[in-house]
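Accompanying notes for the structure given below.
The shown structure was predicted, so the numbers you read here are calculated from the model rather than taken from an experiment. Every chain is numbered from 1 and lettered A, B, ... according to where its sequence line falls, protein lines coming before strand lines.
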Protein chains: 2
Amino acid sequence: MSLRYSILGLLARTPSTGYELTQMFDRSLRTSWHASHSQIYPELAKLEHAGLVEVIGRGPRRSKTYGLTNPGREELRRWLVEAEPDRAQRNESSVRLFLTNLLDPTDRRTAYERDLSHVEKELEELKGVRRQLQDEGGAEVFAPQVELGIRVDTVIRDWLRERIEDAAP
Amino acid sequence: MSLRYSILGLLARTPSTGYELTQMFDRSLRTSWHASHSQIYPELAKLEHAGLVEVIGRGPRRSKTYGLTNPGREELRRWLVEAEPDRAQRNESSVRLFLTNLLDPTDRRTAYERDLSHVEKELEELKGVRRQLQDEGGAEVFAPQVELGIRVDTVIRDWLRERIEDAAP
DNA sequence: AGCCGACATGTCAATACCGACAGTTCATCT
DNA sequence: AGATGAACTGTCGGTATTGACATGTCGGCT
């Protein structure tokens, strides 16, 4: 169900085309939920059929801009407030972090270092986003979420550094 | 592919039955990857067919204990070290955290408080696990992973508390 | 005019995943 | 002896997800 509500959530913020939604999934939502355009377009069609979204404009290249309908807005609210959250996770990186210390010390170090450089890169990107939000000065709704991402990544980065140091002679 | 390698990883630690694997997914791996028995049994059959695991013992109630074969061990190592990690996530809680501040202040507070009490509970559980590992005194392989879980949950807990305080008058 | 790359939308077959249904086996309690 | 419940393994239909294929549009560069 998360795909459906992620789309409703993004549209609640700004009406968008399928293409723009795909980009937002890649950028903002990539640490929460991944989806590609081959899922997004069919889901938009279903949502339109269900009356939760509607086409509110057409642009160049046949693009259609979707917006939330009132039932859509209510459905999103209902899900966020009333529905029982599903806490199940599916996170390959986390599986790797978990299993990596089954490896012998050399391989383990290689794996941790690869993860570390990835986290460091991601952390830089997030800090870039934060800086950008500060410069804009506007009341960006998702600023706290960016902050959370930074804190979580920092914790993971430090943990990885400890793992690597522990392995050192 | 993560299901497959999660199973190989758990079996690398201890030979287990499908039932035991199901429990381990619920306990140790629940913050990384979720899987239910209806996925695990068929996957074990596939892995056996592929020669990556084998039945190394039979117990009461028709139970079969699976262990890794050498090709299985190599395949796990290959995946952990050489395969390109897939960083995509699927985490409904995270989607909720992201979308919750689209709600009006009252609903938002309700949602954050529900999440907070869940995280606090989970944190207590993890600390219980850590205490248990310390008491055992043995060199438990996954102790650092438990520590990481505690740190990440702590960061999320504090962030939620800030959100709730910000909302207060 | 021709070409390229980003924009934009879609479909389809294969695989992954979920929840419900279903059955057997053993230990313990009454 | 019968009931109960936890241990244990499986299957199945429906939905979700992926990756590849397919098609066309528009702006800018040469």
When rounded to whole Å, the CG to P distance for the pair A:N91 and C:dC17 reads 13 Å

Practice item. Report yes if at least one side-chain N or O of A:H37 is closer than 4.0 Å to OP1 or OP2 of D:dT18; otherwise report no. Key: no

Taking only the side-chain nitrogens and oxygens of B:K46, find out if one of them lies under 4.0 Å from OP1 or OP2 of C:dA16.
yes

Between OH of B:Y41 and P of D:dC8 the distance, given in whole Å, is 8 Å

### Query
Does B:R77 make a cation-pi contact with B:W79, if we ask for NZ or CZ under 6.0 Å from the ring centre and within 45° of the axis?
no

_Is there a side-chain contact between A:Y19 and the phosphate of C:dT9, meaning an N or O under 4.0 Å from OP1 or OP2?_
no

| query | Side-chain N or O of A:R90 less than 4.0 angstrom from OP1 or OP2 on C:dC17? | reply | yes

When B:G18 and A:R61 are each assigned the nearest nucleotide of DNA chain D, the 5'-most assignment goes to B:G18

Looking only at D:dT17, D:dT11, D:dT9, the nucleotide nearest the B:T17 side chain is D:dT9

Walking DNA chain C from its 5' end, the first of B:R62 and A:K64 to be reached, judged by nearest nucleotide, is A:K64

| query | For D:dT18, does OP1 or OP2 lie under 4.0 Å from any side-chain N or O of A:Q39? | reply | yes

Quick note, A:S36 side chain, CB onward, closest among C:dG19, C:dT11, D:dT18 is D:dT18

Would you say that B:V129 contacts B:I150 through its side chain, given a criterion of any heavy-atom pair below 4.5 Å between the two side chains? no

Side-chain contact check for A:S38: nearest option of C:dC17, D:dC26, D:dA20 is D:dA20

(message) Could you check whether any side-chain heavy atom of B:R30 comes within less than 4.5 Å of a side-chain heavy atom of A:Q89, counting everything from C-beta outward?
(response) no

